[in-house]
Amino acid sequence: MTIRLYDTSARQIRDFAPLTPGCVSIYLCGATVQAAPHIGHIRSGLNFDIMRRWFAYRGYDVTFIRNVTDIDDKIIKKAADQNRPWWSIGYENERAFNDAYDALGCLPPTYEPRATGHITEMVEMMRGLIERGHAYEAEGNVYFDVRSLPGYLSLSNQDLDELRQPSGEGETGKRDPRDFAMWKAAKPGEPSWETPWGRGRPGWHLECSAMAHKYLGEEFDVHGGGIDLIFPHHENEIAQAKGFGDAFARYWVHNAWVTMSGEKMSKSLGNSVLVSEMVKKWRPVVLRYYLGTPHYRSTIEYSEESLREAESAYARIEGFVQRVTELAGHSVEPAAEVPPAFAEAMDDDLGVPQALAVVHTTVRQGNSALAADDKEAAVGRLAEVRAMLGVLGLDPLAPQWAGEQEQGEDLRHVVDGLVRLVLDQREAARARKDWATADAIRDELGRSGLVIEDSPQGPRWSLGSR
């Protein structure tokens, strides 16, 4: 089956046909590094990490660009408020974003360009746009003339006559209030670079158009980002690129928000949940499961209860993996291919929820095989589970997550010894048919957060939900 993606520009799911056979080029709008990331920021990185992994599984050579916006109004304001250099704000938060991506198991991008490293490319693009009549200089600013480009607003499906273009402070000299700034004239004390039109700094939209052109050329396959970027950012990226002569992106893919009480998670609303704090309360792999397994176009409403459910669901997978690994006496390698139902779900607009249902069904089949003492079938199901979880970045035996288990291994041995003493008492009660005492012991262990399973090999314990 051909991979199919929902294309925002077409407003429908389309068959994916790469620009270059066997290759996929992806540009993802990455971090604007004015502050440390909350889980809403990282969701986008996770969703496109899964997309990238699936393309790679299907045999494509993937080039994945995720930029860093390290200069903008918010960074400059924060630097002024804190009396710090603007670049120190950006670098500190860029590291925080990369720590969050790494913690949640995102593969590193092929390239991760910073906006400030591409001023030359931005000047070249502005010069070309002015020469083609799509842009003009005014009072040290450079603006894009939105009326000069037929098809402007086709991505967001707006009416130009009704448009209200966001404007920043100091954007003077516009011929039309709907025009947007590509370059902003220097202000005292602000960072600036020399251009043919005077010193200044880039506008947000120009940065991505120039960097996409630099690393992916005049045309590439997929441009991604959150739905909040459709306008003005992505619409204005398209205008600049097409005005410059680029065909630009062939598919536009947007992920939905993480919300709290129905509102987009946002620092300005004061409802953000920082990744650095979340990983202190929850295992990073549980956060990945929670953020990465809903469909990328579905809103996630944040709640502690939902995280506990994710924790329990992943614990069931881990428990199966651990039991079969112990039974087999070695690490079972992932299967060469995922089950057909999993592949069909992933091919259909990255249907992760449906794909995850296949994972859990396979885990149940594997547990049934364990109960029947069918080692061969259990090992086969584990190989399939590992192949599927590898695509989702959730394989408990992958180095990223196996390290989590190793860190707590010493403590687990201590806890295991204590729990075994209690389980021995329970087994003794069952042997003398004292079911009330046996049930009371099991219930007390459950209240302590332990799940007890009776198997042909004897009772086993695992951590349950919080």
Side-chain angles (χ1 to χ4, degrees), residues 37-54 57 99-107 255-260 265 273-322 334 338-339 342 345-346 350-364 366-367 382 384-405 407-408 449 451 462-466:
H38 56 62
I39 59 174
H41 291 129
I42 297 303
R43 182 189 184 184
S44 182
L46 278 173
N47 289 156
F48 286 90
D49 181 65
I50 292 171
M51 173 191 282
R52 173 197 188 168
R53 288 170 183 263
W54 184 243
Y57 172 83
D99 287 346
Y101 290 132
D102 291 344
L104 270 61
C106 293
L107 299 173
N255 65 276
W257 292 335
V258 178
T259 61
M260 293 181 71
M265 190 168 285
V273 184
L274 296 180
V275 176
S276 59
E277 294 302 313
M278 293 292 287
V279 295
K280 296 175 184 176
K281 298 187 292 184
W282 302 91
R283 292 170 59 202
V285 69
V286 170
L287 282 179
R288 182 179 178 100
Y289 187 101
Y290 172 66
L291 293 171
T293 55
H295 194 274
Y296 74 91
R297 290 193 286 122
S298 298
T299 299
I300 299 174
E301 174 66 15
Y302 172 80
S303 72
E304 294 270 328
E305 180 181 357
S306 296
L307 267 162
R308 284 192 292 271
E309 291 172 357
E311 183 180 50
S312 296
Y314 191 70
R316 289 194 293 272
I317 295 172
E318 278 188 311
F320 166 68
V321 172
Q322 181 184 7
V338 298
F342 181 94
M346 292 298 292
L350 304 176
V352 174
Q354 294 79 11
L356 193 65
V358 180
V359 173
H360 283 287
T361 296
T362 309
V363 167
R364 287 193 293 272
N367 282 328
L382 176 55
E384 293 173 344
V385 166
R386 287 203 65 193
M388 293 186 282
L389 293 178
V391 168
L392 301 177
L394 290 168
D395 181 3
L397 299 182
Q400 173 81 23
W401 310 124
E404 276 191 2
Q405 297 175 336
Q407 290 172 8
V451 175
S462 60
L463 291 176
S465 59
R466 299 173 181 225

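Trp54 pairs by the ring-ring contact (aromatic ring centres under 6.0 Å, His included) definition with Tyr57, not counting sequence neighbours. Arg386 pairs by the side chain to side chain contact (heavy atoms under 4.5 Å, CB included) definition with Ser331, Pro334, Leu382, Asp395, Leu397, not counting sequence neighbours. For Tyr101, there are no side chain to side chain donor-acceptor pair (under 3.5 Å) partners, not counting sequence neighbours. The side chain to side chain donor-acceptor pair (under 3.5 Å) test applied to Gln354 returns no partner, not counting sequence neighbours. Here Ser276 pairs with Leu274 under the side chain to side chain contact (heavy atoms under 4.5 Å, CB included) rule; sequence neighbours left out. In terms of the side chain to side chain contact (heavy atoms under 4.5 Å, CB included) criterion, residue partners of Thr361 (sequence neighbours excluded) are, by chain and number, Arg364, Gln365. In this view, Glu301 satisfies the salt bridge (Lys or Arg N to Asp or Glu O under 4.0 Å) rule with no residue, not counting sequence neighbours. Residues passing the side chain to side chain donor-acceptor pair (under 3.5 Å) test with Glu305: none are found, sequence neighbours excluded. Under the salt bridge (Lys or Arg N to Asp or Glu O under 4.0 Å) criterion, Arg297 pairs with Asp349, sequence neighbours left out. Take His41 and apply the ring-ring contact (aromatic ring centres under 6.0 Å, His included) test, not counting sequence neighbours, and it matches His38, Phe97. Partners of Pro339 by side chain to side chain contact (heavy atoms under 4.5 Å, CB included), not counting sequence neighbours, listed by chain and number: Phe342, Val358, Glu384, Met388. For Arg43, the side chain to side chain donor-acceptor pair (under 3.5 Å) criterion is met by Asn47, not counting sequence neighbours.
Here the shortest heavy-atom pairing between Ala100 and Pro37 reads CB-CG, 3.9 Å. For the residue pair Val321 and Pro396, the shortest heavy atom distance occurs at CG2-CG, 4.1 Å. Shown here for Arg53 and Gly390, the closest heavy-atom pair between the two residues is NH1-O, 3.3 Å.
With rounding to the nearest 0.5 Å, the separation of CE in Met278 from CG in Leu291 is 7.5 Å. A distance of 7.5 Å separates CG in Leu394 from OG1 in Thr293, rounded to the nearest 0.5 Å. Asn367 contributes atom CG, which lies 11.5 Å from atom NE2 of His360 (distance to the nearest 0.5 angstrom). Atom OG of Ser312 sits about 10.0 Å away from atom OH of Tyr289, to the nearest 0.5 Å. Rounding to the nearest 0.5 angstrom, the gap separating the OH atom in Tyr314 from the CG atom in Leu356 is 11.0 Å. Here the straight-line distance linking atom CE of Met346 with atom CG of Leu392 works out to 5.5 Å at 0.5 Å rounding.
Taking 4.0 Å as the cut-off between side-chain N and carboxylate O, Glu311 and Arg308 do not count as a salt-bridged pair.
Contact of the Trp282 side chain with the Lys280 side chain is not registered, since no non-hydrogen atoms from C-beta on lie closer than 4.5 Å.
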* Apply side chain to side chain contact (heavy atoms under 4.5 Å, CB included) to the pair Leu307 and Tyr302, showing each step before the final yes or no. => CA-CA 8 Å; Leu307 267 162; Tyr302 172 80; 3.6 Å; yes
* Could you please spell out the steps behind the side chain to side chain contact (heavy atoms under 4.5 Å, CB included) verdict for Val273 and Met260? => CA-CA 10 Å; Val273 184; Met260 293 181 71; 3.9 Å; yes
* Arg288/Ile50 under side chain to side chain contact (heavy atoms under 4.5 Å, CB included): CA gap, chis, key distance, verdict -> CA-CA 11 Å; Arg288 182 179 178 100; Ile50 292 171; 3.9 Å; yes
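A donor-acceptor contact shorter than 3.5 Å links the side chain of Trp401 to the backbone of Gly393. No donor-acceptor pair under 3.5 Å is formed between the side chain of Gln400 and the backbone N or O of Leu104.
Applying the side-chain contact (heavy atoms from CB on, under 4.5 Å) test between Pro294 and each of Ile300, Val352, Val258 identifies Ile300 as the sole match.
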